[in-house]
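A quick write-up on the structure given underneath.
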Amino acid sequence: MKPLSIKIKITFWYTGLIVFILCIILGSIVFSTDKILVLGLQRELEDEVYDAVEDIQYNNGSMLVDQINFFDDGIHISLYSKDQRQFAGQLPSGFPAAVPFHPEQVQTIQAGANSWLVYDMYTTAKGTEPLWIRGVISLNSSYETRNQILFVCVILFPFLVLLAGYGGWLITKSAFQPVTLIRRIAAEIESSGDLSKRIHLTGSKDEIYDLAQTFDYMLDQLETAFKTERQFTSDASHELRTPVSVILAHAEYSLTQKDNPVEMAESLAVIRQQAEKMNALISSLLLLARADHHAERLEFEVVNLSEIAEMVVEEIGAAAEARAITVYAEIAPSLSLFADQTSLMRLLLNLLQNAVCYGRENGWVKLSLRPVEGGVSGTVEDNGIGIAPEHKAQIWKRFYQVDPARKTMENCGTGLGLPIVKWIIERHGGEITVESQLGRGTIFRFFLPSRRADLGRG
Ligand SMILES: Nc1ncnc2c1ncn2[C@@H]1O[C@H](COP(=O)(O)OP(=O)(O)OP(=O)(O)O)[C@@H](O)[C@H]1O
Ligand SMILES: [Mg+2]
């Protein structure tokens with residue numbers, strides 16, 4: 001059996017509750033109407049009998065009953081002598097003759113289908129004979145009123161239940177409309193794979209509105225992540241295709257040069273260079289992919305940054321020399337950090353490689369490192385081609401190259417160096433900024449904290 005929807009369940013609960021409340025109200029009406037009506041009649045009856053007593057007048061010891069209203073408002077008044085013989089007034093038709101007298105007590109008398117309330121008073125006035133005054137009122141009319149109320153209730157009951165059920169259903173349906181919309185959008189995204197769809201819920205800012213907002217925000221994130229992923233894959237394939245084509249072309253060529261060892265050796269050198277480029281690219285890609293999945297484990301330990309920097313300066317020497325660039329190093333001695341040694345090497349190497357790649361021929365590059373409060377402050381400066389302001393924010397993006405034509409050397413230019421630098425700095429809890437003037441040079445400033453308690457856990 002298909003499970004009931006929440007809308008139907010809520011409507012059932014709601015209607016059930018209304019039925020329960022209506023039953024209680026109806027029961028109370030049935031049980032209390034009789035009492036209320038009879039109590040009202042009793043009070044009327046007593047008042048009428050008291051009025052009759054007051055209306056009795058005496059003249060020289062004889063009684064005058066002209067002022068008494070013997071039938072008023074459905075109440076019959078009759079007067080009896082001391083020995084209970086009626087001498088004035090009237091009784092309702094069908095009222096039994098021999099009803100015993102009980103002073104100042106209300107009795108209920110039944111005869112056939114009729115019933116009455118009876119109230120007696122025994123009164124004595126000075127110098128006159130005592131007498132009984134009896135008031136009688138029919139209960140039939142009050143029972144009729146009770147039955148009419150009950151009848152109206154029984155007729156109204158199903159209408160009220162239907163109205164409550166239908167109203168409840170409409171309210172629940174409108175309350176669940178946003179949920180239906182969210183489900184529909186989710187189903188559309190699932191079937192079309194179009195992540196650009198959004199719920200854009202309007203109306204009152206309640207819990208469902210928050211849910212829809214969160215859903216839209218999640219879709220934004222997913223869409224961006226998918227776009228980045230797609231872009232990343234296409235950029236990576238594009239970057240790998242060039243060296244692969246060069247390798248293939250040179251391999252083909254060297255196969256035709258079996259008798260020419262010099263040509264063959266030249267082709268092999270190109271193949272090796274392209275293979276090295278591919279190797280560097282693949283390891284950068286791997287590093288970033290692992291970084292994305294938090295799978296790149298860094299070995300945090302106490303390292304000597306001064307020694308690392310000296311090694312990197314030495315390593316960059318050959319490339320700098322090839323472009324007649326002088327490398328200056330102002331490295332404070334024994335700079336100690338709690339960090340990952342390999343990452344720090346990569347960080348400095350990437351920045352210096354950029355400075356050499358995009359530096360001026362016969363120019364200079366300067367690395368300086370000095371201790372500051374809480375860590376080390378560093379700069380990598382060059383007097384090279386610089387970066388235009390509109391590109392400054394973009395250079396941290398993966399595969400972003402200001403202009404691939406600006407490449408001065410074969411091994412610079414995949415657009416992954418600075419994203420890796422940024423990731424390393426962030427992973428060490430530091431900061432990096434760039435200042436540059438087009439045609440004048442660039443300076444990267446960074447700060448690395450000497451230790452952060454939450455680092456080193458992965
Ligand atoms: N010192 C600099 N001077 C001028 N432009 C720079 C400098 N450093 C980086 N850039 C610009 O920023 C872009 C991104 O640099 P990034 O290091 O990320 O990539 P890349 O050097 O092109 O390639 P890779 O570092 O992966 O070999 C470069 O293409 C370059 O145009
Ligand atoms: Mg670079």
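First listed ligand is number 1; within each ligand, the first listed atom is number 1.
The shortest N or O to N or O distance between Ile387 and ligand 1 is not under 3.5 Å. The shortest N/O to N/O separation between Gly417 and ligand 1 falls below 3.5 Å. Here's the thing with Leu416: one of its N/O atoms is less than 3.5 angstrom from an N/O atom of ligand 1.
Side-chain contact check for Glu263 and Tyr253: at least one donor-acceptor pair (N or O, by modelled atom type) lies under 3.5 Å. For the residue pair Tyr217 and Gln221, a side-chain donor N or O sits within less than 3.5 Å of a side-chain acceptor on the partner.
If you number the atoms of ligand 1 from 1 as listed, the ones under 4.0 Å from a heavy atom of Gln401 come out as 22 (O), 29 (O). Every atom of ligand 1 is numbered from 1 in the order shown, and the set under 4.0 Å from a heavy atom of Tyr400 is 13 (C), 14 (C). Distances below 4.0 Å separate heavy atoms of Leu418 from the following atoms of ligand 1: 9 (C), 15 (O), 16 (P), 17 (O), 18 (O).
With a 4.0 Å cut-off on non-hydrogen atoms, Val421 does not touch ligand 1 at all. In Thr414, the parts holding a heavy atom less than 4.0 Å from any atom of ligand 1 are both the side chain and the backbone. Here Thr442 has side-chain heavy atoms under 4.0 Å from ligand 1, and that is the only part of it that gets that close.
At least one heavy atom of Pro419 sits under 4.0 Å from some atom of ligand 1. Using 4.0 Å as the threshold, Gly415 has a heavy atom nearer than that to some atom of ligand 1. By the 4.0 Å heavy-atom criterion, Cys357 is excluded from the residues contacting ligand 1. Residue Asp382 places a heavy atom less than 4.0 Å from ligand 1.
The shortest heavy-atom contact between Phe157 and Leu26 is CD1-CD2, 4.4 Å.
Using cut-offs of 30° and 60° on the angle between ring planes, the pair Phe338 and Phe300 is tilted.
Open room surrounds CD on Glu431; 12 or fewer heavy atoms of other groups in view lie less than 6.0 Å from it. Around the CD atom of Glu299, the shell of radius 6.0 Å holds no more than 12 heavy atoms that belong to other residues, nucleotides or ligands.
For Thr379 (side chain) and Glu381 (main-chain N/O), no donor-acceptor pair under 3.5 Å exists by modelled atom type.
Put simply, Asn350 stays out of reach of the Mg ion (ligand 2), with no N, O or S atom under 2.8 Å from it.
If you run side-chain hydrogen bond (donor to acceptor under 3.5 Å, both in side chains) between Gln394 and each of His391, Glu390, Lys397, only Lys397 comes through.
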